[in-house]
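These notes concern the structure reproduced below.
Basis for what follows: all heavy atoms, side chains included, without hydrogens, waters or symmetry-related copies. Because the structure is predicted, anything quoted here is derived from the model rather than measured.
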Amino acid sequence: MAYNSTTGPHHHHPTTPASHSHGRGMDNMMMHMTFYFGFKNVELLFSGLVINTAGEMAGAFVAVFLLAMFYEGLKIARESLLRKSQVSIRYNSMPVPGPNGTILMETHKTVGQQMLSFPHLLQTVLHIVQVVISYFLMLIFMTYNGYLCIAVAAGAGTGYFLFSWKKAVVVDITEHCH
């Protein structure tokens, strides 16, 4: 086993044929199972997308950071679109026990959305995009590259900070269990 300060430990098996490289394509590529900080031979999502220089790592950091920010913004945008597209408002009243054995009536608002509608179709497409991006971010984090992990976490944190402050919080003033 050899060690390179830029990329970490390497196992070299000169007698192993290329066909037994576990589908990696290049013998000098390996999957890290511990966190490391390096920028040589870092595969990013696709076999042809390999980082080999500090500049490429800086560019990947920015791209991953922006992708994580976009993911957080997309989550908030979907919530906002869902609230705007809700229809079929119904009011349901239900009896609840009150003080001294009395019965109180609480009213709850129920909203829904029609399945065969443009807003629901748009929500479905945005959900697919959100799921794909979330898996990309997970796979990027699973490279165990410290720079890329920091980019994911910092981008998600920045996106949450920038977008979630507008998130509506519903407070039920009739709730007595606070």
Side-chain angles (χ1 to χ4, degrees), residues 3-10 23-26 28-87 89 109-115 117-173 175 177-178:
Y3 186 83
N4 181 322
S5 64
T6 308
T7 60
H10 289 283
R24 302 287 297 184
M26 300 172 74
N28 64 347
M29 297 276 189
M30 66 169 283
M31 175 136 178
H32 290 270
M33 297 306 290
T34 58
F35 288 99
Y36 70 101
F37 286 88
F39 55 84
K40 296 282 188 192
N41 295 326
V42 179
E43 280 187 305
L44 187 60
L45 296 177
F46 303 100
S47 61
L49 189 55
V50 180
I51 299 167
N52 281 309
T53 67
E56 290 173 350
M57 180 57 78
F61 184 97
V62 170
V64 169
F65 181 90
L66 292 174
L67 184 64
M69 269 183 54
F70 176 73
Y71 173 75
E72 291 297 325
L74 181 59
K75 288 193 315 187
I76 302 301
R78 283 192 57 226
E79 286 180 22
S80 176
L81 283 172
L82 184 61
R83 278 192 304 276
K84 289 178 184 176
S85 68
Q86 290 174 331
V87 294
I89 298 174
K109 183 167 75 168
T110 305
V111 295
Q113 185 169 292
Q114 294 178 341
M115 186 170 81
S117 64
F118 178 75
H120 185 64
L121 178 64
L122 180 60
Q123 281 288 333
T124 303
V125 171
L126 291 177
H127 176 75
I128 292 168
V129 170
Q130 181 180 339
V131 167
V132 169
I133 292 172
S134 71
Y135 282 126
F136 278 177
L137 291 171
M138 178 200 61
L139 289 171
I140 291 168
F141 206 93
M142 287 177 61
T143 65
Y144 290 102
N145 183 283
Y147 300 121
L148 297 177
C149 292
I150 290 169
V152 169
T158 302
Y160 182 85
F161 179 78
L162 292 176
F163 301 118
S164 73
W165 68 273
K166 291 194 262 184
K167 192 174 180 179
V169 177
V170 178
V171 177
D172 185 0
I173 59 172
E175 178 62 44
C177 298
H178 292 288

Check whether [X] reaches the backbone of [Y] with its side chain - one donor and one acceptor, N or O, closer than 3.5 Å.
X	Y	value
Q130	Y71	no
S80	I76	no
N41	V50	no
T158	G155	no

In this structure, are over 12 heavy atoms from other groups packed under 6.0 Å from F35 atom CZ?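 Enclosed: over 12 neighbouring heavy atoms sit under 6.0 Å from CZ of F35.
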Measure the [atom1]-[atom2] distance between [X] and [Y] for me, rounded to the nearest 0.5 Å.
X	Y	atom1	atom2	answer
I133	E72	CD1	CD	11.0 Å
F163	K75	CZ	NZ	12.0 Å
I140	L45	CD1	CG	4.5 Å
L74	E79	CG	CD	10.5 Å
M142	C149	CE	SG	10.5 Å

What are the two closest heavy atoms between A151 and A68, and how far apart are they?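 Closest heavy-atom pair between A151 and A68: O-CB, 4.4 Å.
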Decide yes or no for [X] and [Y]: does some side-chain heavy atom of the first lie under 4.5 Å from some side-chain heavy atom of the second?
X	Y	value
Y147	V64	no
V131	Y135	yes
V42	Y36	yes
L148	F141	no

Let me know which of I51, V62, L44 forms a side chain to side chain contact (heavy atoms under 4.5 Å, CB included) with M57.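 Testing M57 for a side chain to side chain contact (heavy atoms under 4.5 Å, CB included) against I51, V62, L44 leaves exactly one candidate, I51.
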